[in-house]
Each structure stands twice: as structure tokens, then as C-alpha cells.
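Here's the structure we're looking at; comments come further down.
None of the values given here were measured: they were computed from a predicted structure.
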Amino acid sequence: MHLGSCYFGGHHGIEQDYAEGARLFRLVAEQGHVGAQFNHGMCFQDGKGEAQDHVAAARLFRRAAKKGHANAQAALGKCFLQGLGVHQDYDEAAHLFRLAAE
């Protein structure tokens with residue numbers, strides 16, 4: 001996952017390449033790495049390295065959130081708050097924000 005971050009951010013002498021960073025996040029996310037699931041979700045949410053797709057972002061955030069990833073819980077809460085990729089649900093948003101804060 002670190003290499004994906006290097007490509008995504010253009011760190012450690014590696015030229016910034018969103019598509020390659022997203023590809024590497026996807027490979028690691030498919031193996032169940034929660035941080036990579038969150039990062040790949042952010043690629044979809046922001047349209048960097050992947051075509052913007054809020055449904056795909058929410059799906060990846062949900063996977064990581066179920067495993068206790070606080071940033072994914074907060075990101076999924078935002079999805080529910082704004083109705084991005086999921087049906088708007090203020091109660092679910094509040095629940096996820098509380099989980100993220102714990």
C-alpha cells in the first residue's frame with residue numbers, strides 16, 4: 001500500500017500518477033487491507049485515478065468501516081449524510097460519525 005501512496009502523492013522521487021496509485025490500492029484492497037480499501041474509496045470519491053463513482057466509493061468505505069477503520073466510518077457517514085452513493089439517512093450518518101469518534 002505504501003507504494004500506492006507514493007504514486008498517488010508523488011513522494012520519494014516517484015512521479016505522481018493517480019492511475020497507478022489507484023491500481024495499486026485496488027490490488028491491495030482486494031486482499032482485504034482496510035487502509036487500501038479506504039484509499040481506493042477516496043480515489044472513486046474524488047475522481048482521481050478512477051472515474052468518479054460514489055456508489056463504488058461507498059461500497060469500499062463500507063468494507064473498511066465494518067473492520068473498524070475510523071476514517072472509512074467517517075467517510076461513509078458523509079456519504080449517508082449527503083446521499084452520495086447511498087440513500088440519504090441521517091440516523092445512519094450519525095451512527096457512523098459516533099463510531100468514528102470512539
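Leu84 CG to Cys79 SG: the interatomic distance, rounded to the nearest 0.5 Å, is 5.5 Å. Here the straight-line distance linking atom CG of Leu76 with atom CG of Leu60 works out to 11.0 Å at 0.5 Å rounding. A distance of 10.0 Å separates CD1 of Ile14 from OG of Ser5, quoted to the nearest 0.5 Å. The distance from atom NE2 of His54 to atom CZ of Arg59, rounded to the nearest 0.5 Å, is 13.5 Å. Annotation: the span from Glu50 atom CD to Met42 atom CE amounts to 13.5 Å, rounded to 0.5 Å.
No donor-acceptor distance shorter than 3.5 angstrom exists from the side chain of Lys67 to the backbone of His33, with no hydrogens or angles considered.
Under the rule for a side chain to side chain donor-acceptor pair (under 3.5 Å), the partners of Glu20 that lie at least two apart in sequence or sit in another chain are Arg23.
Heavy atoms only, all atoms of each residue included: Ala65 and Ala72 are closest at N-CB, 3.7 Å. Nearest heavy atoms, Ala74 versus Ala100: N-CB, 3.8 Å. The two residues Gly85 and Ala58 come nearest to each other via the heavy atoms O-CB, 4.2 Å.
Taking the side chain as every heavy atom from C-beta outward, Tyr7 and Leu24 approach each other to under 4.5 Å. At a threshold of 4.5 Å between non-hydrogen side-chain atoms, the residues Glu30 and His40 do not count as touching. Between Val86 and Val55, every side-chain heavy-atom pair lies at or beyond the 4.5 Å cut-off. For the pair Phe25/Phe38, no side-chain contact is recorded, criterion being any heavy-atom separation below 4.5 Å from C-beta on. Using a 4.5 Å cut-off on side-chain heavy atoms (C-beta onward), Cys6 and His12 make contact.
Residue Phe61 is tested with Gln45, Lys66, Gln73 for a side-chain contact (heavy atoms from CB on, under 4.5 Å); the sole match is Gln45.
Tyr18 and Gln16 are linked by a side-chain donor-acceptor pair at a separation below 3.5 angstrom, with hydrogens and angles left out of the test.
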- Message: Using side-chain contact (heavy atoms from CB on, under 4.5 Å), reason through Leu81 and Phe97 one step at a time and then give a plain yes or no.
- Response: CA-CA 10 Å; Leu81 182 67; Phe97 290 142; 4.3 Å; yes
